Number of protein chains: 2
Amino acid sequence: MAPRAGIDVDTVLQKAVEIIDRDGYEDLSIGKLAKALSIRPPSLYNHIGGLSELKQRLAVLGCGKLYEQMIRAAVGLSGDDAVYALSLAYVYFARQHRGLYEATFRAPYLHAPDLKEAQEKVVQIVVQVLAVYELDEETTLHMVRGLRSMLHGFTSIEQTGGFGLPLNLDESFHMMIKTFLKGLPIKK
Amino acid sequence: MAPRAGIDVDTVLQKAVEIIDRDGYEDLSIGKLAKALSIRPPSLYNHIGGLSELKQRLAVLGCGKLYEQMIRAAVGLSGDDAVYALSLAYVYFARQHRGLYEATFRAPYLHAPDLKEAQEKVVQIVVQVLAVYELDEETTLHMVRGLRSMLHGFTSIEQTGGFGLPLNLDESFHMMIKTFLKGLPIKK
DNA sequence: ATATAATAACTAATGATATTAGTTATTACA
DNA sequence: TGTAATAACTAATATCATTAGTTATTATAT
């Protein structure tokens, strides 16, 4: 029998991230992952409960990483600068980790507390960044939803090749955010 | 041997839509579909090439249905009214057919001509509806991308339960569109 | 009406996947 | 050093998608 490969759940997750980022989310399987870790498929069950749990963990991990990227980008900035920085961080994260980004929207257990918590942290930065605009409190929250919709929508369509027109993507993205910011219902 | 069940590819697709709309996209399987049609699983291969082809057809069908709903809603309207109507149609379609909507983003063959064509028709309505605003031609196309991002993003987040705050969803949606329209870079 | 062709149903089999059960060897700990 | 824990293994199981081949139903030609 082989000596222990020194695998733990983090190793498993890292390798899973490599696979989905390189080959696509749909390509992840217990067999492929085990092979990448040089162990037999059933051995993986020593570290994770199964494929669903793995996907769930990837979703939580993805949200956490996204959050880190966003918060790093927005530090020290405010107003439009912060919104642009945070939005760019969002899109760049998704481009850099397309599999992991996709995982954030493919969690098998949508109501799991740790997932909710990770998602809420992402929401919270958006709230903070929009809070400096002179909006009603409730309006701010509506606008948070708006901005998040734009970020995710743009990313998702981009990832599925849905922007076919010969038009610069970064420019589209920038103009979209600009248009939204310009239209914010600032209190007078 | 059973008499012919009178099945054709349209019957198969309709039943598949029923299943994914009711049980969720991930629940679709050859076995489940065959059972719903009262035939044996291999018999399905007389009508469709396999699960991938089925999913591809669902994606194309979904885009077509979405297009019909959008165009129906926008007929006879222009400007902001058209945008709102078309946007509402989008979201309502997705709410009514959540599985079919999801299928539109889960096509196995992203570059298939019929899928591209169906997607482009959807894009074309958005282009038409935004064309009446006094924007540069190129800016219009950027804004088309923006609006599509918002529509899809909102829908996708909504479908995965990502809007957790106690805040009216329809109001968020309406305000998002309003904010975007208000910010459109109209030529002066 | 009859014979032939086409085809949609079936069964059996295959390969792949995720998972469970049980065994064994490695490692950790007392 | 001996025992317990655990991570590796193999074997088996259940499920799924698909292929291959057979059979019966239906369509078509005469």
Side-chain angles (χ1 to χ4, degrees), chain A residues 1-61 99 102-103 106-110 112, chain B residues 1-61 99 102-103 106-110 112:
Chain A
M1 191 181 294
R4 296 186 181 196
I7 288 165
D8 60 11
V9 66
D10 288 334
T11 318
V12 173
L13 284 177
Q14 281 319 298
K15 186 61 71 174
V17 170
E18 280 174 37
I19 290 170
I20 59 177
D21 279 349
R22 189 189 62 224
D23 300 333
Y25 186 81
E26 302 283 356
D27 236 40
L28 183 61
S29 70
I30 292 286
K32 187 163 190 170
L33 183 52
K35 186 162 189 172
L37 292 163
S38 305
I39 58 172
R40 293 284 178 255
S43 304
L44 270 176
Y45 294 85
N46 289 309
H47 306 285
I48 54 169
L51 194 55
S52 289
E53 187 192 310
L54 177 63
K55 286 176 175 175
Q56 187 70 14
R57 283 179 178 273
L58 285 170
V60 175
L61 179 67
E102 189 172 350
R106 302 281 293 276
Y109 311 109
L110 294 179
Chain B
M1 189 180 297
R4 296 186 180 193
I7 288 165
D8 59 12
V9 66
D10 288 334
T11 317
V12 174
L13 284 177
Q14 282 319 299
K15 188 61 71 174
V17 170
E18 281 174 34
I19 290 170
I20 58 176
D21 279 349
R22 190 189 62 222
D23 300 334
Y25 187 81
E26 302 283 357
D27 237 39
L28 184 63
S29 70
I30 292 287
K32 188 164 189 169
L33 184 53
K35 187 162 191 175
L37 292 163
S38 306
I39 57 173
R40 291 286 179 256
S43 305
L44 270 177
Y45 294 84
N46 289 310
H47 306 284
I48 56 168
L51 194 54
S52 289
E53 188 193 309
L54 176 62
K55 286 176 174 176
Q56 188 69 14
R57 284 178 178 270
L58 285 170
V60 175
L61 179 67
E102 190 173 347
R106 300 284 290 276
Y109 312 107
L110 294 178

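Computed from a prediction, not measured in an experiment: that's the story for all the values here. First the proteins, then the strands, lettered A, B, ... as listed; each starts at 1.
One can place OH of Tyr45(B) at 18 Å from P of dA13(C), the figure rounded to the nearest angstrom. Counting to the nearest Å, the P atom of dC16(D) and the CD atom of Glu26(A) are 17 Å from each other. Residue Leu33(B) contributes atom CG, which lies 14 Å from atom C1' of dC16(D) at whole-angstrom precision. Computed from coordinates, the Ile39(A) CD1 to dT6(D) C1' distance equals 13 Å when rounded to whole Å. Between Leu44(A) atom CG and dA18(C) atom C1' there is a gap of 11 Å when expressed in whole angstrom units. Rounded to whole Å, atom C1' of dT7(C) lies 17 Å from atom CD1 of Ile48(B). Rounded to an integer number of Å, the gap from CG of Asp27(B) to C1' of dT15(D) is 14 Å. Atom CZ in Arg40(B) sits roughly 20 Å away from atom P in dT19(D) (whole-Å rounding).
In this structure, of dA17(D), dT26(D), dC10(C), it is dA17(D) that holds the atom nearest to the side chain of Ile30(B). Set against dA9(C), dT18(D), dA7(D), the side chain of Asn46(B) has dA9(C) as its closest nucleotide. The side chain of Arg4(A) lies closest to dT27(C) when the candidates are dA17(D), dT27(C), dT10(D). With dT18(D), dC9(D), dT26(D) as the choices, the nucleotide that has an atom nearest any side-chain atom of Pro3(B) turns out to be dT26(D).
Between the side chains of Asn46(A) and Ser43(A), no donor-acceptor pair is found at a separation under 3.5 Å.
Across all strands shown, Ser43(A) has heavy atoms under 4.0 Å from base atoms, whether or not it also approaches the sugar-phosphate. Using a 4.0 Å heavy-atom cutoff across all strands shown, Gly49(B) reaches no nucleic acid atom at all.
Applying the 4.0 Å criterion to OP1 and OP2 of dT7(C), one finds that His47(B) has every side-chain N and O outside that range.
With Glu26(B) as the partner, the salt bridge (charged side-chain N to carboxylate O under 4.0 Å, His left out) test is satisfied by one option alone out of Arg106(B), Lys32(B), Lys55(B): Arg106(B). A side chain to side chain contact (heavy atoms under 4.5 Å, CB included) with Leu13(A) holds for exactly one of Leu54(A), Asp8(A), Val60(A); it is Leu54(A).
Both Ala2(B) and Pro42(B) sit near DNA chain D, but only Pro42(B) has its closest nucleotide nearer the 5' end.
In plain terms, the two heavy atoms of Thr11(A) and Gly6(A) that are nearest each other are OG1-O, 4.2 Å.
The closest donor-acceptor contact from the side chain of Gln56(B) to the backbone of Tyr109(B) lies under 3.5 Å.
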